[in-house]
2 protein chains.
Amino acid sequence: MTQGRPMRADARRNYERLLKVAAEAFAEHGENASLDDIAKRAGVGSGTLYRHFPTRRALLEAAYVDRVEALGARADELAARLPPGEALMEWLYELAVRTLQVRGMKALLSSAVTDDGGAAALTVCGTVVQGAVHRLVVAAQAEGTLRRDLEPVEVLRLAHGVAMAAELAGAGERETRRYLGLLADGLRSG
Amino acid sequence: MTQGRPMRADARRNYERLLKVAAEAFAEHGENASLDDIAKRAGVGSGTLYRHFPTRRALLEAAYVDRVEALGARADELAARLPPGEALMEWLYELAVRTLQVRGMKALLSSAVTDDGGAAALTVCGTVVQGAVHRLVVAAQAEGTLRRDLEPVEVLRLAHGVAMAAELAGAGERETRRYLGLLADGLRSG
DNA sequence: ACCTGAACACCGTTCAAGT
DNA sequence: ACCTGAACACCGTTCAAGT
């Protein structure tokens, strides 16, 4: 899917310029950054942007794919270092902090955890994030510290909801951790 | 603030037509319903809409003020009938169900619980909703069933976050109640 | 005092023409 | 095969002219 014949040199150049500019624009203006502006700043026609990224969602995902994959890798680092229950909660915390601090990330994660009949699970972001939480949740349930009646994606959605609540509160990292801790108390088994 | 000299007859007619049409439009198209369309359907110029409701938020709030006040009254009904802890959780559940089922309500409640230095608390929706949760939370804390380190508005934001998570899950009433129950377990004292 | 609606600035999307 | 950018449809907001 990521392969196929290589792009023409000018197409590849445009593709990469668009990604770079888009990442800046989303960081600066959030998920609703002007697409026309991104095309202009990248020095391409707006049609070219649409050729490479047919939807805003596609561009957002491509611009943040590095960050999302780093988050997926982080799950395994934490799993290797902490007991399963703690690894899960620490990872959800890092997810929440990114939701708060990386502009546009909230929209991307929201669409990655939406129940849309599985379409979200097929996107890169959905695959990575849902895969990571699946591993962490299963381990914590096997350990016996997490309620067994929870689906991994439910844990993800609840943590995302708490992150959105933290955003409404204008919460910093400390407060976000506290809110997640409250949720964690409700999710613990026993 | 709601008084002042009475409106001219045509102004009042337009005001009421706008409210009626806006309620329908928000119900049908959600918080981003076209303002121009609302003006057209109400048979007034777009300038008239802006005269009466300078912001989208103002129109949304005016269109839903009845529902919000009903929710505030509901808090007292529940407080009179149930033990404090149960009354709080039942009210948060009803809040969440409205967030899911009444289009546009999510945006209205979000802005009512946002930490914006107190501006939200001065709107009708903010006053009503924050007042209601304050009474319920204080009672539950006095009863000893709710953690004492929680501010009322924090409880409101967390429940709102859970409601947003339920929306992402496409959850119905039953599932929403389950999610809120998980949060409730984390908020309980002891 | 209030209303109207044209005018403005902006945006996303498409597509015919060009290389 | 890919790019360009004008054209289109749409939106929120303002404001001069009208009653």
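Labels below follow one simple rule: chain letters A, B, ... track the order of the sequence lines, proteins then strands, and each chain is numbered from 1. Side chains are part of it too, since the values below use all heavy atoms of this structure and drop only hydrogens, waters and symmetry mates.
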The single option from Val21(A), Asn32(A), Leu59(A) passing side chain to side chain contact (heavy atoms under 4.5 Å, CB included) against Phe26(A):
Leu59(A)

Over how many whole Å does the gap from Leu18(A) atom CG to dG12(C) atom P extend?
14 Å

Report the residues that fulfil side-chain hydrogen bond (donor to acceptor under 3.5 Å, both in side chains) with Arg135(B), sequence neighbours left out, ordered by chain and then residue number.
Asp76(B)

Can you name the residues that form a ring pair (Phe, Tyr, Trp, His ring centres under 6.0 Å) with His52(B), not counting sequence neighbours?
Tyr15(B)

For Asp116(A), what residues pass the side-chain hydrogen bond (donor to acceptor under 3.5 Å, both in side chains) criterion, not counting sequence neighbours?
none

Find the distance Asp10(B):CG to dA1(C):C1' and express it as a whole number of Å.
9 Å

Across all chains, not counting sequence neighbours, the salt bridge (Lys or Arg N to Asp or Glu O under 4.0 Å) partners of Glu86(A) are none

Calculate the interatomic distance between Glu16(B) atom CD and dC3(C) atom P; express it in whole Å.
13 Å

To the nearest angstrom, how far is Asn32(B) atom CG from dC11(C) atom C1'?
14 Å

Residues at least two apart in sequence or cross-chain that pass salt bridge (Lys or Arg N to Asp or Glu O under 4.0 Å) with Arg177(B), listed by chain then number, are Glu90(B)

Apply side-chain hydrogen bond (donor to acceptor under 3.5 Å, both in side chains) to Gln141(B) and list each qualifying residue two or more places apart in sequence or on a separate chain.
none

Please give the stem ranges for DNA chain D, sorted by first residue number, where a stem is three or more consecutive Watson-Crick or G-U pairs and both donor-acceptor distances are under 3.5 Å.
C:4-8 with D:12-16, C:12-16 with D:4-8

Within residues 43-59 of chain A, find the residues that approach DNA chain C with a heavy atom at under 4.0 Å, and present them sorted by residue number.
Ser46(A), Gly47(A), Tyr50(A), Arg56(A)

Among residues at least two apart in sequence or on other chains, which ones pass side-chain hydrogen bond (donor to acceptor under 3.5 Å, both in side chains) with Tyr179(B)?
Glu154(A)

What pairs with Glu31(B) under salt bridge (Lys or Arg N to Asp or Glu O under 4.0 Å), at least two apart in sequence or on another chain?
none

Which residue, Arg12(B) or Asp36(A), contacts DNA chain C at a nucleotide closer to its 5' end, judged by nearest heavy atom?
Arg12(B)

Heavy atoms of Arg17(A) and Arg41(A) approach each other most closely as NH2-O, 3.3 Å

Calculate the interatomic distance between Arg17(A) atom CZ and dT4(D) atom P; express it in whole Å.
11 Å

For Glu94(A), check salt bridge (Lys or Arg N to Asp or Glu O under 4.0 Å) against everything at least two apart and list the hits.
Arg74(A)

Expected output is a numbered-order residue list: members of residues 19-29 of chain B with a heavy atom under 4.0 Å from any atom of DNA chain C. What is it?
none

Within this structure, what is the CG-to-C1' distance between Asn14(B) and dT19(D), rounded to whole angstrom?
14 Å

Rounded distance in Å - OH (Tyr15(A)) to P (dC3(D)):
12 Å

Length of the line joining Lys40(A):NZ and dT13(C):C1', which is rounded to integer Å:
13 Å

Does Ser34(A) have a side-chain nitrogen or oxygen under 4.0 Å from the phosphate oxygens OP1 or OP2 of dG12(C)?
yes

